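Worth knowing before you read on, the calculation uses all heavy atoms, side chains too, and leaves out hydrogens, waters and symmetry mates. For clarity, every value in this text was computed on a predicted model and none was experimentally measured. Proteins get letters first, then strands, A, B, ... in listed order; numbering begins at 1 in each.
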Amino acid sequence: MKNLFQPYDVSLESEMLEPLDFNRRSRLKETDRCFKAEILNVIRLTDMEKLFQVRILDESEGERFSFLPGQFVMVEVPGYGEIPISISSSTSRTGYVELCIRRAGIVTGALHRAKRGAHIGIRGPFGTHFPIETMKGYDVLLIAGGLGLAPLRSSIFAVIENRADFENVHILYGTKSPDQLLFDYQYEEWGRIDDIDLQVIVEEPDNEWTGPVGLITKLLDGIEIDPQRTFAIVCGPPVMFKFVCSRLSEQGMPMRRMFISLERRMHCGMGKCCRCNIGSTFTCMEGPVFDYWTVMNLKEAI
Amino acid sequence: MDRTQWLLTESQLREWVRSLLDAGNSVVAPVEEDGVLLFRPLTSEERAILAPSGKTRWSPKEFLFPRSEPLYRYTLDGGEVEIENPPAPQRPQVLFGVRSCDAGGLLRLDEIFLSGTKDPLYAARRESTTVVSMACAAADPECFCTAVGGSPVGEEGSDLQLVPLEEGWLLRVLTEKGEALFGDVDERWQDAPAAIAKEVEKLERRVAGQIERSPVKQEWSKTLEDGFEHEAWDRLAQHCLGCSVCAYVCPSCSCFDMNHEANAWCGEQCRSWDACTFAIFTHHASGHNPRSTHQERYRQRVLHKFAFKAEDDEPFRCVGCGRCVALCPAGLDIVDTVTAAVAAIREEGADAAR
């Protein structure tokens with residue numbers, strides 16, 4: 001715990017790091033085209049969230065579709081509209097993508113009523129991604145709050161599937177209550193992997209909950225972080241990643257090594273409609289994944 | 001400079017418009033409808049108003065970036081979806097009698113739609129559009145083009161320019177596209193003497209002199225961005241009603257919405273004008289709204305015009321037509337707002353808490 005409460009040193013920012021080279025475009029370069037896709041499976045996760053496995057109908061287009069962890073697609077439900085949804089599946093999975101979707105509005109409401117076999121459209125992938133390649137050889141903190149596990153899950157897969165490339169790996173996840181836990185059927189699998197520290201915490205436990213209780217930052221208490229050897233990905237609501245990231249920077253971690261995904265309403269995904277603007281920054285093009293230093297320097301970002 | 005220019009009489013000018021129509025162009029020009037000056041496609045050259053008093057209520061941007069346009073249509077048949085692309089661009093279009101400020105506004109739209117991923121619908125329409133601007137014979141009370149780097153006889157964004165002079169209309173060719181608009185030049189057209197440039201300067205001085213607004217300075221962008229959190233914005237935005245008329249009449253505002261219009265059998269995905277001053281513009285389905293107060297939204301619009309820049313020497317996204325000033329139901333004036341914000345930030349420091 002030697003680095004705990006060491007004051008944050010801004011000079012560390014300078015030694016880190018060229019701006020990351022974000023490979024925004026996938027091999028499928030036609031982001032203005034909507035691909036016909038089919039819902040293969042609908043998996044109920046909680047009362048509010050479902051996991052949709054979606055396959056592009058045209059086989060060759062489906063094969064060319066690739067993405068990187070943290071990127072998102074635009075999902076169109078004919079007759080209802082189009083929404084940005086981050087991809088939750090593994091980048092190595094071909095054939096279909098998994099989209100974890102909360103029932104919140106008109107389009108997601110329609111999706112939640114949709115049955116297996118229904119046709120939808122997807123465009124993308126869009127946006128920046130988590131720099132998994134750069135993180136190789138480092139300790140990795142993967143931290144999610146609530147629905148934040150949806151955009152993080154793809155990175156979890158990327159780390160797990162290439163476990164030998166990383167040093168210590170911690171996966172921390174917190175929600176309000178146990179019935180909001182997403183992908184609870186996978187914790188067992190992830191937790192059993194040698195040398196992966198998986199911890200789940202809830203704020204308001206029910207009678208059956210035996211795990212830790214409190215806010216996600218509480219889990220950080222038990223973890224020793226080598227600030228110079230660690231990368232963190234933090235996904236969740238702004239209030240959550242703000243607390244987590246400022247806590248990590250108190251421990252001496254450079255802000256450039258913390259990555260977060262910003263949520264914005266997006267309609268075009270091509271830097272045209274201005275809906276996702278933060279100042280002159282288009283979240284759909286220059287985000288949604290930003291390093292925390294950049295986010296702190298964007299006004300109105302949080 | 002040796003440039004192609006002619007001096008036309010009114011009947012020659014109308015004849016030219018006639019020939020443009022006959023050549024199959026859609027000629028969009030200011031006409032009067034129910035006492036309101038509007039851009040409309042002409043059916044006859046007689047309707048075009050060559051010496052308008054005042055500017056059109058709306059900018060001509062809707063002829064490149066329609067208020068609402070289908071991106072594609074689809075039909076549903078059982079589980080099958082059939083997708084149909086929108087029709088290919090229409091016949092060539094001439095935007096006639098566009099004010100200098102509005103022509104500059106079109107360039108601001110180009111920045112959005114033609115940089116990065118090219119918008120195919122916009123690009124096709126832009127490609128087939130020629131802009132014939134009309135220099136201003138007089139400034140309107142709301143005009144402030146000179147305050148934001150423009151000029152009543154500015155050439156920015158025009159392919160051809162008409163300058164109303166006492167001797168007649170001076171027609172100048174500015175681009176190759178403009179030149180291509182002529183088939184054969186009418187032999188009766190009178191070449192303008194080189195000395196006419198003096199007359200144009202005189203007109204510019206006279207009209208610019210009617211605009212009594214102090215300039216918005218380039219270096220203010222930095223000040224405004226630094227003072228983003230300044231408490232002055234609460235006060236300055238207090239009267240904003242969020243009606244967004246400013247964004248709708250603005251020649252350079254380009255925010256849009258992607259909306260579905262559909263029933264159980266068919267539908268279309270449309271792109272429609274939208275505005276960052278609307279409360280639901282950034283509202284997520286989850287309930288989170290990054291710009292939840294009207295102060296934040298008004299500030300966003302003003303700063304997007306004057307402060308947020310990728311490059312330091314980028315021109316303002318405001319061209320000074322003044323429509324937002326004239327039509328704001330709350331009487332907000334974007335130049336006054338910017339001036340007051342800069343003054344407050346300079347006086348109280350950028351960090352004065354909100």
Side-chain angles (χ1 to χ4, degrees), chain A residues 25 29-38 57 74 76-84 101-109 115 117-121 146-147 237-239 262-283 285 298-302, chain B residues 71-72 74-76 78-83 112-113 115-122 225-226 228-229 253-269 271 274-276 280-291 296 299-300 303-304 307-311 314 317:
Chain A
R25 296 284 173 237
K29 288 190 196 292
E30 302 152 276
T31 45
D32 55 341
R33 245 199 88 188
C34 195
F35 294 97
K36 256 195 237 180
E38 172 184 42
L57 282 175
M74 298 295 293
E76 180 182 353
V77 183
Y80 292 90
E82 203 180 33
I83 48 168
I101 300 174
R102 172 177 286 179
R103 191 176 70 232
I106 293 166
V107 182
T108 52
K115 298 277 186 291
H119 283 191
I120 59 173
L147 193 53
V239 58
L262 284 185
E263 187 193 10
R264 281 292 180 282
R265 195 170 167 187
M266 297 165 189
H267 274 184
C268 74
M270 291 184 278
K272 308 284 181 210
C273 80
C274 291
R275 197 168 293 271
C276 64
N277 268 15
I278 306 167
S280 60
T281 303
F282 285 95
T283 313
M285 305 278 288
L298 280 176
K299 282 151 184 151
E300 225 174 41
I302 302 181
Chain B
L71 300 177
Y72 58 86
Y74 62 85
T75 45
L76 298 172
E80 287 300 307
V81 189
E82 282 309 319
I83 296 172
I112 292 284
F113 290 108
S115 66
T117 313
K118 250 192 195 177
D119 183 275
L121 291 172
Y122 180 89
E225 206 159 0
D226 290 346
F228 188 81
E229 304 281 357
C253 266
S254 63
C255 290
F256 60 82
D257 187 24
M258 304 268 270
N259 52 313
H260 259 263
E261 301 298 330
N263 57 31
W265 306 278
C266 62
E268 52 187 29
Q269 169 85 310
R271 168 166 69 194
D274 205 343
C276 57
I280 60 162
F281 187 69
T282 50
H283 192 274
H284 303 176
S286 65
H288 173 225
N289 192 346
R291 286 196 285 275
E296 287 167 337
R299 179 182 63 188
Q300 170 71 18
L303 294 192
H304 196 214
F308 303 145
K309 290 176 175 178
E311 312 279 337
E314 231 175 73
R317 290 192 189 86

Exercise. Is Glu263(A) close to Ser286(B) at the side-chain level, that is, under 4.5 Å between some pair of heavy atoms?
Worked result: yes
Seminar exercise, completed: Across all chains, not counting sequence neighbours, the ring pair (Phe, Tyr, Trp, His ring centres under 6.0 Å) partners of His284(B) are His288(B)
Problem set entry | Which atom of Asn277(A) lies closest to which atom of Arg291(B), heavy atoms considered | O-NH1, 3.2 Å
Exercise. For Ile83(B), does its backbone N or O pair with a side-chain atom of Lys36(A) as donor and acceptor, under 3.5 Å?
Worked result: no
For this session: Would you mind checking which part of Glu76(A) comes under 4.5 Å of any heavy atom in chain B, side chain (CB onward), backbone (N, CA, C, O), both or neither?
Result: side chain
Problem set entry | Residue, of Gly121(A), Cys276(A), Ala104(A), Ala118(A), that accumulates the most heavy atom pairs under 4.5 Å with chain B | Ala104(A)
Seminar exercise, completed: Turns out that what part of Leu303(B) lies under 4.5 Å from chain A's heavy atoms comes down to neither
Seminar exercise, completed: Between Gln300(B) and Gly279(A) the two heavy atoms that sit nearest each other are NE2-O, 4.0 Å
For this session: Can you see which heavy atom on Pro78(A) is nearest to which on His260(B), and at what distance?
Result: CA-CE1, 4.2 Å
Problem set entry | Engaged part of Pro238(A) at the chain B interface, taking heavy atoms whose separation is under 4.5 Å | side chain
For this session: Start with the C-alpha distance between Arg264(A) and Thr282(B), add both sets of side-chain angles, then the distance that settles side-chain contact (heavy atoms from CB on, under 4.5 Å), and finish with yes or no.
Result: CA-CA 7 Å; Arg264(A) 281 292 180 282; Thr282(B) 50; 5.8 Å; no
Exercise. By a 4.5 Å heavy-atom criterion (distance strictly below it), what part of Lys272(A) contacts chain B: side chain, backbone, both, or neither?
Worked result: both
For this session: Specify which of Lys299(A), Arg265(A), Glu82(A), Glu38(A) makes the most heavy-atom pairs with chain B at under 4.5 Å.
Result: Arg265(A)
Exercise. Is any side-chain heavy atom of Phe256(B) less than 4.5 Å from a side-chain heavy atom of Cys268(A)?
Worked result: yes
Problem set entry | Non-neighbouring partners of Glu314(B) that pass side chain to side chain contact (heavy atoms under 4.5 Å, CB included), sequence neighbours left out | Lys309(B), Ala310(B), Glu311(B), Arg317(B)
For this session: Quick one: closest heavy-atom pair of Ser280(A) and Phe308(B), and the distance?
Result: CB-CB, 3.6 Å
Exercise. So does Tyr80(A) have more than 12 non-hydrogen atoms from other groups sitting under 6.0 Å from OH?
Worked result: no
Exercise. Do Cys273(A) and Met258(B) have side chains that get closer than 4.5 Å, going by heavy atoms?
Worked result: no
Exercise. So which part of Cys276(B) gets closer than 4.5 Å to some heavy atom of chain A, the side chain, the backbone, both or neither?
Worked result: neither
For this session: Quick one: which of Asn289(B), Ile280(B), Asp119(B) has the most heavy-atom pairs under 4.5 Å with chain A, could you say?
Result: Ile280(B)
For this session: Please report the shortest heavy-atom distance between Asp274(B) and Arg275(A), naming the atom on each side.
Result: OD2-NH2, 2.5 Å
Problem set entry | chain A interface, residue from Cys266(B), Ala285(B), Gly287(B), Ala262(B) that has the most non-hydrogen pairs under 4.5 Å | Ala285(B)
For this session: Look at the side chain of Tyr74(B) and the backbone N and O of Gly79(A), then say whether any donor-acceptor pair between them is shorter than 3.5 Å.
Result: yes
Seminar exercise, completed: Ranking Phe281(B), Phe113(B), Tyr72(B) by heavy-atom pairs under 4.5 Å to chain A gives rank one to Phe281(B)
For this session: Against chain A, label Glu225(B) side chain, backbone, both or neither, depending on which of its atoms sit under 4.5 Å from a heavy atom there.
Result: both
Problem set entry | Residue Val77(A) versus chain B: region with a heavy atom under 4.5 Å | backbone
